[in-house]
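Every value quoted in this text rests on a predicted model; they were computed, and no experiment measured them. In what follows, chains carry the letters A, B, and so on, assigned in the order in which the sequence lines appear, proteins first and then strands, with residues in each chain numbered from 1.
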2 protein chains.
Amino acid sequence: MLLPAALERLVRELKKLPGIGEKSAARLALHILTSKRVDPVALASAIAELRQQVHPCPICGFYTDQPECPICRDPNRAGRVLCVVEQPRDLIALERSGGFRGRYHVLGGALSPLDGVGPDALRIKALVARVVATGVTETILATGTGVGGEATAVYVARLLKDKNVRVTRLAHGVPLGSELEYVDAATLERALSGRREF
Amino acid sequence: MLLPAALERLVRELKKLPGIGEKSAARLALHILTSKRVDPVALASAIAELRQQVHPCPICGFYTDQPECPICRDPNRAGRVLCVVEQPRDLIALERSGGFRGRYHVLGGALSPLDGVGPDALRIKALVARVVATGVTETILATGTGVGGEATAVYVARLLKDKNVRVTRLAHGVPLGSELEYVDAATLERALSGRREF
């Protein structure tokens, strides 16, 4: 063993984080050991206390340390327009865009029968109940563009069909600022079939 | 505030780590919050206990939780050949290569007068004393190839000049497996001027 046991142990724990391999874990651990900027006690307590203080919002499924999350509490958000996302990180990305002033519904994933993720594993029933109970007028399906995300969008749309709610889907197309030659074929195909009057 | 305070706090601490920006920090924090693979208590205690258990080896400057590090303790390592590196991470990289069976001396950095790092801020005096006291026969300078690393190598070599020790430098040249067209000009220049009989 080259590294001291305590260092090896931290490397082992850090490697369980996404996108962190052996070398990055060693680099992070050495930094935590020596850097003046890092306060290991503050970092450790932030990690240890996280799960005690944060839980899913019972309405939308995003994270909060209050009875309800700030978006569900905010009286200035349009409660009759719901944006349906797979994960809390999708909600964060959409909020960062500043383009949406309605509320969200986090499903907790996408349908994936091969992995045993059926409709009951997601917050789909809660979505339908919420749409009906709160008189939602539009549901924007912002699930992923992969097979699972598309299947989930189709499934949810079918359930909402007779619920007197407009069902829309995020537009797909060429990302702003990208060169056509670097855009993948499937995206270009969507951009063409979804072309709009100019 | 979109994110719960405990989550914001962890993101803030994680952002102090090298190579981790706002987005990666949020991704890691959400993963620590929800992943079944990650044990937040184990991760937190590994971080909190690190600095209590690990300290620099008094001989070579590498990290250890014992009175001396495993390399300095190992009777099978050639104690008369010293490899001088800037940081513990350089030692780890060289050990991974398996190409060296001597011992190390970690300087703790490179000379950088503009940042106020002079010879006294590095373990240079300790190196000279060690070379003299333990009858070192060869000192391999493995400091970096940047300005600071080169300056440090030159400075150390000058101090060791009259100490009856062979002073060498790691070879520079074309990395194995790389195409010439992708190797930078400075490296190619070194590879040419350092060419060897074939």
Side-chain angles (χ1 to χ4, degrees), chain A residues 1-14 16-20 22-24 26-35 37-57 62-66 69-71 87-89 91-93 95-96 108, chain B residues 1-14 16-20 22-24 26-35 37-57 62-66 69-71 87-89 91-93 95-96 108:
Chain A
M1 288 290 256
L2 179 63
L3 296 181
L7 207 51
E8 285 282 6
R9 186 177 148 223
L10 178 55
V11 168
R12 204 165 54 234
E13 295 297 331
L14 288 172
K16 296 178 184 169
L17 298 176
I20 296 190
E22 180 80 37
K23 279 193 190 180
S24 326
R27 189 158 147 266
L28 290 175
L30 288 174
H31 194 85
I32 291 169
L33 177 59
T34 56
S35 166
R37 274 193 72 214
V38 172
D39 176 352
V41 175
L43 177 57
S45 79
I47 291 170
E49 287 164 20
L50 188 62
R51 292 196 193 183
Q52 292 154 29
Q53 300 187 3
V54 178
H55 55 85
C57 169
F62 187 57
Y63 297 120
T64 183
D65 52 8
Q66 305 292 318
C69 82
I71 296 176
Q87 297 290 0
R89 60 173 173 265
L91 185 159
I92 294 170
E95 279 299 288
R96 211 181 278 132
Chain B
M1 288 290 254
L2 178 63
L3 297 180
L7 206 51
E8 284 282 5
R9 185 176 149 222
L10 179 54
V11 168
R12 204 166 52 234
E13 294 297 328
L14 288 172
K16 296 178 184 169
L17 298 176
I20 296 190
E22 181 81 36
K23 280 193 191 181
S24 326
R27 190 157 146 266
L28 289 175
L30 287 175
H31 193 86
I32 291 169
L33 176 60
T34 56
S35 166
R37 276 192 72 215
V38 172
D39 177 351
V41 175
L43 177 58
S45 79
I47 290 170
E49 289 164 19
L50 188 63
R51 292 196 193 184
Q52 293 154 28
Q53 299 186 4
V54 178
H55 55 86
C57 170
F62 187 57
Y63 297 121
T64 183
D65 52 7
Q66 306 291 318
C69 82
I71 296 176
Q87 298 289 1
R89 59 175 174 262
L91 184 159
I92 295 170
E95 279 299 288
R96 213 182 275 132

Q: Output the option from Ala26(A), Pro40(A), Cys69(A), Ser35(A) having the highest count of non-hydrogen pairs under 4.5 Å with chain B.
A: Pro40(A)

Q: Evaluate the side-chain proximity of Leu43(B) to Leu10(A): yes if any heavy-atom separation is below 4.5 Å, no if none is.
A: yes

(Q) Do Leu2(B) and Tyr63(A) have side chains that approach each other closer than 4.5 Å (heavy atoms only, starting at C-beta)? (A) no

Q: Select one option (side chain, backbone, both, neither) describing which atoms of Ala93(A) are under 4.5 Å from chain B's heavy atoms.
A: neither

**Q.** Side chain / backbone / both / neither for Ala42(A) at chain B, heavy atoms under 4.5 Å
**A.** both

Q: Sort out for me which of Gly19(B), Ala44(B), Ala48(B) touches chain A most, counting heavy-atom pairs under 4.5 Å.
A: Ala44(B)

(Q) Any heavy-atom pair between the side chains of Ile47(B) and Val41(A) that's under 4.5 Å? (A) no

Q | Residue part contacting chain A, namely of Ser24(B), when any heavy atom lies under 4.5 Å | A | neither

Q: Quick one: which residue pairs count as a side chain to side chain donor-acceptor pair (under 3.5 Å) with a foot in residues 42-54 of chain B, not counting sequence neighbours?
A: Arg9(A)-Ser45(B), Arg9(A)-Glu49(B)

Q) Is chain B contacted by the side chain of Ile92(A), its backbone, both, or neither, given a heavy-atom distance below 4.5 Å? A) both

Q) Side chain, backbone, both or neither: which part of Ile71(A) has a heavy atom under 4.5 Å from chain B? A) side chain

Q. Any idea which heavy atoms bring Ala5(A) and Asp65(B) closest together, and the distance?
A. N-OD2, 3.3 Å

Q. Of the backbone (N, CA, C, O) and the side chain (C-beta and beyond), which part of Arg96(A) lies under 4.5 Å from a heavy atom of chain B, both, or neither?
A. side chain

Q) Which heavy-atom pair separates Val54(B) from Ala6(A) by the least distance, and what is that distance? A) CG2-CB, 4.0 Å

**Q.** Largest heavy-atom contact set with chain A, pairs under 4.5 Å, which of Leu3(B), Leu91(B), Val38(B)
**A.** Val38(B)

Q. Can you name the nearest heavy-atom pair linking Ala46(B) to Glu13(A), along with the distance?
A. CB-CG, 4.4 Å

Q | Smallest separation among heavy atoms of Lys16(B) and His31(A), with atom names | A | O-NE2, 3.6 Å

Q: Using non-hydrogen atoms and a 4.5 Å limit, figure out which bit of Pro18(A) sits close to chain B: side chain, backbone, both or neither.
A: both

Q | Heavy-atom pairs under 4.5 Å with chain A, option from Leu7(B), Ile20(B), Leu33(B), Thr64(B) with the top count | A | Leu33(B)

